[in-house]
Structure formats: C-alpha cells, structure tokens
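Below: the structure, in structure tokens.
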Amino acid sequence: MIGLKSTLNCIDNSGALIVECVNVLKNKVSNGWGSVGDEIVCVVQRARPISAATQASVNAVKVRRGDVRRAVIVRTRKAVRRPDGSVIRFDDNAAVLLNNKREMLGTRIGGLVSADLRLKGWGKIVSLAPKVV
C-alpha cells in the first residue's frame, strides 16, 4: 500500500536511487492507496552522482534529484493475496520509472519483481527482470 510521501527504491538503471510518491494514478476505489502494478507520480529524492565523463557519454544519467516522474510499483512490503490463496510480501517497496508514453526510462531491471505485473499489462518489466516471484 503506497500512498502520499511513501518512499520507494528505484530498481532500474535510470539514475534514480530513491523516489517519493506524490500521487497514485488510478481509480478511486482504494482511496488513494497503490499496490503492485499501479502507476504513481513521484519525485526523485536521491540520484546517482553525475561526473563530467559520463555526462557526455551515451549512457548518461536520465534523471536528477528533484525531477517529477511517473513510475510503476513493482514490490510492496504490504502482503498481497493472490487468487490461488497464497500471500506474497517483499522486504521493501520498489518502483520502475516511466516516461510520459508509459515506457520504461531505464533499460535494465536490478532485482526481483512481482508476477502480478504481467496480469496488469506490464509484461515488458517482467521480461527484463532477472527474477519474478
């Protein structure tokens, strides 16, 4: 359950390390709380440092501290019950940054993601993840 001011780890290679949720973009059924597969608007709280050498390269960092971006939630500490009755819970909250066209900002995923993402239309994230639980 991700809401206003929740902090999430960013597990892609976009350059962000920690992001803070400022809005959950979905229908008002769950009163503003987001779960795995939901889109959020977030602010980059901590980003990788940018050196002069990497700034000129092709693999330049795509985000800076203070940038407002969209993201999709891929892991939550709140337990989620699946249709088969099993319950899944992760050690942390994590997200992957998106651009305005709902495409991934980074090109890699570092860390495991929930299998529920595939059911919610985020198959690209699931296919790039090293492990799906």
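FYI, the numbering just counts along the sequence from 1. Just so it is clear, the structure is predicted and the values come from calculations on it, not from any experiment.
Between the D67 side chain and the V44 main chain, no donor and acceptor come within less than 3.5 Å of each other. In terms of modelled atom types and a separation under 3.5 Å, the side chain of N13 and the main chain of T107 share a donor-acceptor contact.
Residues R82 and D116 approach most closely at NE-OD1, 3.1 Å, considering heavy atoms. Taking both residues in full, the closest heavy atoms of V24 and G32 are given as CG2-O, 3.3 Å, listed atom of the first, atom of the second, then distance. Shortest non-hydrogen contact noted between D12 and G106 is OD2-N, 3.9 Å. Nearest heavy-atom pair, A71 versus C42, reported as atom, atom and distance to 0.1 Å: CB-SG, 3.8 Å. Minimum interatomic distance between V68 and V43 (heavy atoms only, all atoms of both residues): CG2-CG2, 4.2 Å.
To the nearest 0.5 Å, the span separating CZ on R70 from CD on E103 amounts to 13.0 Å. Taking CG of N99 as the reference point, atom CZ of R69 lies at 8.0 Å (rounded to 0.5 Å). Expressed to the nearest 0.5 Å, how far CG of D38 lies from CG of L117 amounts to 10.0 Å. Between S35 atom OG and I2 atom CD1 the span is 8.0 Å, to the nearest 0.5 Å. Note that CE of M104 and OG of S14 are 8.5 Å apart. Values are rounded to the nearest 0.5 Å. Atom CE in M1 sits 9.5 Å away from atom OG in S6 (nearest 0.5 Å).
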Side chains of residues 87-98: which donor-acceptor partners sit under 3.5 Å, not counting sequence neighbours?
| from | atom 1 | to | atom 2 | distance (Å) |
| --- | --- | --- | --- | --- |
| D92 | OD1 | R75 | NE | 3.0 |
| D92 | OD1 | R75 | NH2 | 3.2 |
| D92 | OD2 | N9 | ND2 | 2.7 |
| D92 | OD2 | R75 | NH2 | 3.0 |
| N93 | OD1 | R77 | N | 2.9 |

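The hydrophobic cluster containing V126 also contains V72, counting ILVMFWY residues as joined when their side-chain heavy atoms lie under 4.5 angstrom apart, directly or transitively. Hydrophobic clustering keeps I40 apart from I11 (ILVMFWY residues linked when any side-chain heavy atoms are closer than 4.5 Å, directly or through intermediates). One hydrophobic cluster, built from ILVMFWY side chains closer than 4.5 Å, cannot hold both I109 and L105; they sit in different ones. Neither L119 nor V132 shares a network with the other; the hydrophobic side chains, linked directly or stepwise wherever heavy atoms of I, L, V, M, F, W or Y lie under 4.5 Å apart, form separate groups for each.
Within a 6.0 Å radius of NZ in K120, more than 12 heavy atoms belonging to other residues, nucleotides or ligands are found.
In this view, R102 and E39 satisfy the salt bridge (charged side-chain N to carboxylate O under 4.0 Å, His left out) rule, not counting sequence neighbours.
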